[in-house]
Amino acid sequence: MKKRVLAGMRPTGRLHLGNYLGAAKGMLALQDDPDYETLFTVVDIHAITTPYDATSLQQSVRDVYLDYLAVGLDPEKSAITVQSDLADLITQLSFYFSSVMTVARMRHLPTFKDKVKQHPDYVTMALLNYPLLMAADILIYKAGMVPVGIDQEPHLEIAREVARKMNEQYGMDFPEPVRFATKGEYVPSILGEGKMSKSVEGSAIELGDDLDTIVARLKKAPTDSGKGETVPTEGGVANLLQFVELFQGEAKRREYEAAYVGEGIRYGDLKKELAEAIFAELQPIQERRRKLENNPEYVDRMMREGAERSRAIAEATVAEVREKMGLRK
Ligand code: TYM
C-alpha cells in the first residue's frame, strides 16, 4: 500500500522562500514519488487561533492555494483541500485528541510560548489546541510522512504522542508521523537574524517578487568588509552564503568562501547574481500563477474535488475513532 503524506500551510498571504524551500519542495518531491499518496491543505482554521481579519481570510486562502498550484502541486496527483471544507470532521477529531493530552503538556510547548509572547492578549483555548488541530489534519488520513520545515518539529512530536496514546488506549492504528526534510529546512531571514517569516518585516522574499524587488530586498541584507581570517558561520554574511548554496549550488558557495579568506568578496556583485538566480527560479512559477488567476472556476473546481476525495478517507477514520472511543456511530 502507498504511504500517505499530508502537509499544510496557514493562509498568511503569498508564500515566501521559507515556505517554498522548507515545505513546498518536499511536497513536490513526494507528489512525484510513486510510493506515496499525497494530500495537501490550506489550513484556514489554524488562522483563527491568532488575530486575523475575517473579511479577507478566504482571499488569503485562495492566494496560498494558487501558489500551491503555481509551484507545481498537481490536483491530478494530489488531493488539495481547504481545511474548513472538512471542518466538521477535523475539528471533531481534534476534540477527541484533546481528551488524551494534558493541559500541562500543551502549555509547555515552545511554539505555544512564542505565540503567547507575540500576542499576550490573545491566549485562547484555540491557540492551546493548535497542535491538536494539526495532529488531526495529519492523522485523519493516517499520514505517516509530513513535509514541513524544522520549526514544525515540536508540533510533529505532539502528533506522535497523540498517535501513541490513541493506539494504546483505544486500539487505533495511527502511524507516528515523521518529518520529510529538505535542504532548506531552515531558511534564514535575509536581515541576518532569525528565520525568514511573514511576521518579521523585511525578512522574506516572496514567490511573487519581481527582479527589482528581490534586488531591493537583498540590498538590505547586512554584510561586512568582505574579507577575514574565517568565514562567518552566523549573521548576514553566513545567511547570504546559505542562499547562494540553495540557489546557485555548493561550488559557488565554496568560491565565495575562498574569496572571503583571500582577495575578498564584492557583495554588490554577489547580491546581483544571487537576485538573478532567485528570480530565474521564481519566474516560471509567476507565469503559471498569472494563468491560474484568469481561471477562477478551475480553482473552485479543484477545491471542491480535493474536498470530496479527502472526505471519504477522513470520514472512515472519524467513524473508527468514535466506535473505539465508545461514542455513538
Ligand atoms: P506555516 O504556515 O507557518 O508554514 C508553512 C510551511 O513553511 C515552512 N516554513 C519554513 N521552512 C523553512 N524555513 C523557514 N524560514 C520557514 N518558514 C516557514 C513551515 O515549516 C511549514 O512547513 N503549523 C503549520 C501549518 C499546519 C500543518 C498542518 C503543516 C497545520 N496543519 C499539518 C503540516 C501538516 C504552520 O504554521 O506552518
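By convention here, the first residue in the shown sequence is residue 1. Every number for a ligand or one of its atoms is a count from 1 in the order of the listing. Source: prediction; values computed, not measured.
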* Please confirm whether G149 comes within less than 3.5 Å of ligand 1 when only nitrogen or oxygen atoms on both sides are compared. =>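 Yes; the residue has a nitrogen or oxygen that sits under 3.5 Å from a nitrogen or oxygen of the ligand.
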
* To do: Ignoring angles and geometry beyond distance, decide whether Q152 reaches within less than 3.5 Å of ligand 1 through its nitrogen or oxygen atoms.
  =>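 So ligand 1 has an N or O lying under 3.5 Å from an N or O of Q152.
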
Any carboxylate oxygen within less than 4.0 angstrom of a Lys/Arg side-chain nitrogen, looking at [X] and [Y]?
| X | Y | value |
| --- | --- | --- |
| D32 | K77 | yes |
| R289 | E206 | no |
| K3 | E37 | no |
| K252 | E255 | yes |

Return the residue, atom name and 0.1 Å-rounded distance of the protein heavy atom closest to [atom].
| atom | value |
| --- | --- |
| atom 13 (N) of ligand 1 | V187 N, 2.8 Å |
| atom 6 (C) of ligand 1 | A23 CB, 3.7 Å |
| atom 30 (C) of ligand 1 | H46 CE1, 3.4 Å |
| atom 4 (O) of ligand 1 | N19 ND2, 3.5 Å |
| atom 11 (N) of ligand 1 | G18 O, 3.2 Å |
| atom 3 (O) of ligand 1 | R10 NH2, 2.7 Å |
| atom 12 (C) of ligand 1 | E185 O, 3.2 Å |
| atom 19 (C) of ligand 1 | D151 OD1, 3.5 Å |

* Asked: Is P147 close to T182 at the side-chain level, that is, under 4.5 Å between some pair of heavy atoms?
  ->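 Answer no - side chains too far apart.
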
* Asked: Sequence neighbours excluded, which residues qualify as side-chain contact (heavy atoms from CB on, under 4.5 Å) partners of S56?
  ->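 For S56, the residues satisfying side-chain contact (heavy atoms from CB on, under 4.5 Å) (neighbours in sequence not counted) are D53.
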
* To do: Look at the side-chain heavy atoms of Ile, Leu, Val, Met, Phe, Trp and Tyr, link any pair under 4.5 Å apart, and say whether V43 and I313 land in one connected group.
  =>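 Unlinked, V43 and I313 end up in two clusters.
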
* Taking only residues at least two apart or on different chains, which pairs with a member in residues 297-309 satisfy side-chain hydrogen bond (donor to acceptor under 3.5 Å, both in side chains)? ->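 As it turns out, the side-chain hydrogen bond (donor to acceptor under 3.5 Å, both in side chains) pairs with a partner in residues 297-309, which skip direct neighbours, are R62-D300.
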
Part of [X] within contact of ligand 1 (heavy atoms, under 4.0 Å):
| X | answer |
| --- | --- |
| D137 | side chain |
| Y130 | side chain |
| I150 | neither |

* State if H16 counts as touching ligand 1 under the rule of any non-hydrogen atom under 4.0 Å. =>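 It does, in that a heavy atom of H16 comes within the 4.0 Å cut-off of ligand 1.
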
* Hey, is S197 one of the residues with a heavy atom under 4.0 angstrom from ligand 1? ->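 No, S197 has no heavy atoms under 4.0 Å from ligand 1.
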
